[in-house]
Amino acid sequence: MKSFLSAILAIIMIIVSLASCSNETHEETSAETTLGVDETTAKPEKPEVPLNQTINIMCNTLTEDFVKRLVKGFKSTVYGVKVNLTVVEGGSDAYSEKISADVLGQNGPDIFIICDDHFKNTNDYIENGVFADIDEINAIWDYLHWDNYNEEIMNYGIVDGKRVMFPIFYSVPIMIGMKEVLDAEGIKYGDGVTFAEFADSCLNSSIPTFRKPIYFHNMYRYAGLDVIDEKAINADFEGEKFKSFMEDYLEFFPDIYNGGYSSLSIKSTGYTDTLCGALLAEDMLFFSFNHADSDYCNIPVFDSVITAIVENGNTPVITYIPSVDGKGPATTIEYSLAINSNTQYPEACMQFLRYASSIEYRADDNYFGHLFVNNKYREAIEDLYYGEELDVSSDYKKREFNFDYEDIDKEILDQYFAILDKAYVPEFVSTQALTYANSIALQVDKYGMTLDEAAKEYKRKLELFLTE
């Protein structure tokens, strides 16, 4: 099925490419035209913008609220561009099937909303040229200025030299603990510590580590594991790095795939503080966030936990789940945008990307709690928390930063922003490929297969899948 989809997508893209040879807009951005322009004296001529541009966007019910707010903000700011939003009922599978079917019928959306949980086969679309080269379009319109964005996060969207995805939200696997407890238990954490060192120290303690269990495909990203290479069609599931990681993971969360997920969660029942009572009572090592938390990486939540720790007479520590190689905090790209290479309205699509990555958008919509790619917004947030005067650019209408915040100790802020400064983006792995690694944990945990047997079987299955 995968090979059939890839073949059809490839044929469609060839047809589109041939048809575009007579299209004036595409001619002006072709390789020959671009190379023929002296960039010191001229830029590609901007084609005439069509009247009544309409762009189509599709999401599912799980991302509906976020996408609707984004579209609403765009429509209130940008005039002359209409947006048709289609919400696909059902889960991620229904959404993926609908997107694939529409692309095959050349009716795909103009803007793709990419989230790893709900857009599972991103790599197929990249390989088959469904996503446009954003740099090529921006060379005409000059709407996106890369100094405005986090370069490390932006590089995630570059594949084989083309910028095919535009990340807007990301996260880091933040954890908060109490220094006195962590020191007494001999817990290793922070810069230079590997996941194995962290895991071994935690598992030697009698205190549970996390507030909530974490499914393997999420932990793979949080720890920056890099054993799947989709381009090279290789999965090193039999190597020591993967096996060591998997052993630690299954010891952290025994029976997670055998109906025991709920029993691994630290319940708030019985604690005076319903948010972090288990941490204060030393019934867990870290107050941690998992992928399902809407307040992931949101400082006001940290403030509540940190205040509770201080009032409890302890010293708060803010840190992160270490990566397998000790490189630092591995980011997870939560939401990216991509432009359909077959869109009739590239200028309108670029306006949407510009708004979605603007400080103006975030000043309007503070609901979504992940980290934002815009550097100017990050600087404004830091000014607010450090008590500095809010310094905003004059090139947009100043709006209220209307999220709640309280005074946070400078030392804690320094810890937090130092983590963000060290964050890196691991090699991209599509969700489809990660399901095979996830299946290894499932087979070992639920069905009693040995790790070696499961690793060998799913290495073969994944590599076969990638080859088809």
Side-chain angles (χ1 to χ4, degrees), residues 2 5-6 9 63 92 95-96 99-100 103 111-135 146 149-173 195 214-237 241-242 245 291 321 323-325 327-341 353 357 370-371 373 422-438 458-459 462-463 465-468:
K2 181 175 182 290
L5 172 61
S6 297
L9 283 172
T63 58
S92 58
Y95 178 64
S96 295
I99 286 278
S100 296
V103 169
I111 298 288
F112 293 89
I113 308 290
I114 301 171
C115 173
D116 284 331
D117 280 353
H118 316 304
F119 203 98
K120 296 183 178 181
N121 54 338
T122 309
N123 201 53
D124 289 345
Y125 290 86
I126 295 172
E127 288 183 351
N128 288 285
V130 176
F131 297 159
D133 185 338
I134 295 170
D135 283 340
W146 307 115
Y149 316 121
N150 182 312
E151 183 179 5
E152 177 73 23
I153 304 303
M154 277 288 120
N155 288 342
Y156 166 87
I158 300 175
V159 181
D160 293 337
K162 292 185 178 181
R163 192 183 302 276
V164 292
M165 291 184 290
F166 192 87
I168 53 174
F169 286 111
Y170 64 101
S171 61
V172 294
F195 182 85
I214 302 170
Y215 281 123
F216 185 83
H217 60 283
N218 288 325
M219 188 67 90
Y220 183 104
R221 299 190 192 280
Y222 295 164
L225 199 58
D226 57 357
V227 298
I228 298 175
D229 188 336
E230 291 183 84
K231 290 190 175 299
I233 310 178
N234 177 60
D236 189 11
F237 291 156
K241 179 189 287 189
F242 180 80
F245 183 83
H291 197 65
I321 295 175
S323 62
V324 290
D325 55 6
K327 188 176 179 179
T331 64
T332 297
I333 305 300
E334 302 292 347
Y335 282 92
S336 298
L337 304 178
I339 297 176
N340 194 328
S341 58
L353 263 61
S357 59
H370 294 120
L371 302 171
V373 73
K422 296 183 183 77
Y424 76 99
V425 183
E427 186 75 19
F428 170 74
V429 180
S430 66
T431 303
Q432 273 187 330
L434 275 180
T435 59
Y436 289 85
N438 209 56
Y458 284 90
K459 170 185 171 68
L462 174 56
E463 292 177 352
F465 167 77
L466 293 174
T467 305
E468 288 178 342

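In this chain, residues are counted from 1 in sequence order.
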Open item on the list: Let me confirm one number: the OG-CZ distance from Ser171 to Arg221, rounded to the nearest 0.5 Å.
Closed with: 10.0 Å
TODO: Kindly indicate whether the side chain of Tyr95, heavy atoms from C-beta on, has any atom under 4.5 Å from the side chain of Ile113.
DONE: yes
TODO: Find the distance between CD (Glu127) and CG (Asp160) and round it off to the nearest 0.5 Å.
DONE: 8.5 Å
TODO: Compare every heavy atom of Ile333 with every heavy atom of Asp116, then report the nearest pair and how far apart it is.
DONE: OD2-O, 3.9 Å
Open item on the list: Evaluate Thr332 against His370 for side-chain contact (heavy atoms from CB on, under 4.5 Å), listing each step before the verdict.
Closed with: CA-CA 10 Å; Thr332 297; His370 294 120; over 6 Å; no
- [ ] Check whether any side-chain heavy atom of Phe428 lies under 4.5 Å from a side-chain heavy atom of Val159, and answer yes or no.
- [x] no
- [ ] Using modelled atom types only, decide if a donor and an acceptor are shared between the side chain of Lys459 and the backbone of Ala235 within a distance under 3.5 Å.
- [x] yes
Open item on the list: With heavy-atom distances below 4.5 Å as the criterion, would you say the side chains of Ile111 and Ile339 are in contact?
Closed with: yes
Task: Rounded distance [0.5 Å steps], OH in Tyr436 versus CD1 in Ile228 - done: 10.5 Å
TODO: Decide yes or no on side-chain contact (heavy atoms from CB on, under 4.5 Å) for Ser336 and Phe119, but give the supporting numbers first.
DONE: CA-CA 10 Å; Ser336 298; Phe119 203 98; over 6 Å; no
Task: Reference residue Tyr125; test side-chain hydrogen bond (donor to acceptor under 3.5 Å, both in side chains); the match among Ser341, Ser100, Ser430 - done: Ser100
Task: Contacts of Tyr458 that satisfy ring-ring contact (aromatic ring centres under 6.0 Å, His included) - sequence neighbours left out - done: none
Task: With Phe112 via ring-ring contact (aromatic ring centres under 6.0 Å, His included) - residues at least two apart - done: Phe131
Open item on the list: Could you tell me if the side chain of His217 sits less than 4.5 Å from the side chain of Thr435, heavy atoms only?
Closed with: no
TODO: Heavy atoms only: give me the nearest Ile134-Phe166 pair and the separation to one decimal.
DONE: CD1-CB, 3.8 Å
Task: Val425 and Tyr170: CA distance, side-chain angles, deciding distance, side-chain contact (heavy atoms from CB on, under 4.5 Å) verdict - done: CA-CA 10 Å; Val425 183; Tyr170 64 101; over 6 Å; no
TODO: Report the residues that fulfil ring-ring contact (aromatic ring centres under 6.0 Å, His included) with Phe195, sequence neighbours left out, ordered by chain and then residue number.
DONE: Phe245
Task: side chain to side chain contact (heavy atoms under 4.5 Å, CB included) partner of Ile153, chosen from Val373, Leu371, Ile168 - done: Val373
Open item on the list: Give me the atom names and distance for the closest heavy-atom approach of Ser96 to Lys120.
Closed with: OG-N, 3.9 Å
Open item on the list: Between Tyr335 and Thr63, is there a side-chain heavy-atom distance shorter than 4.5 Å?
Closed with: yes
Task: Least distance between heavy atoms, Val429 atom then Glu230 atom - done: CA-OE2, 3.3 Å
- [ ] Return the minimal non-hydrogen interatomic distance between Ile214 and Tyr222, and the atom names on each side.
- [x] CG2-CE1, 3.7 Å
TODO: Give me the ring orientation class for Trp146 and Tyr149: parallel if the planes are under 30° apart, tilted from 30 to 60°, perpendicular past 60°.
DONE: perpendicular
Open item on the list: Whether Lys162 and Asp133 form a salt bridge (side-chain N of Lys/Arg under 4.0 Å from carboxylate O of Asp/Glu) is what I want to check.
Closed with: no
- [ ] Please determine if Lys241 and Asp226 form a salt bridge, counting it only when a charged side-chain N lies under 4.0 Å from a carboxylate O.
- [x] yes
Open item on the list: Distance check, rounded to the nearest 0.5 Å: Lys422 atom NZ versus Thr331 atom OG1?
Closed with: 15.0 Å
Task: Leu225 side, atom CG; Phe216 side, atom CZ - distance, nearest 0.5 Å - done: 6.0 Å
Task: CD1-CE distance between Ile158 and Met165, expressed to the nearest 0.5 angstrom - done: 10.5 Å
Task: Beyond-backbone contact of Asp124 with Val130, side-chain heavy atoms, under 4.5 angstrom - done: no
Open item on the list: Tell me the closest heavy-atom pair linking Ala223 and Ala330, and the distance in Å.
Closed with: C-CB, 4.4 Å
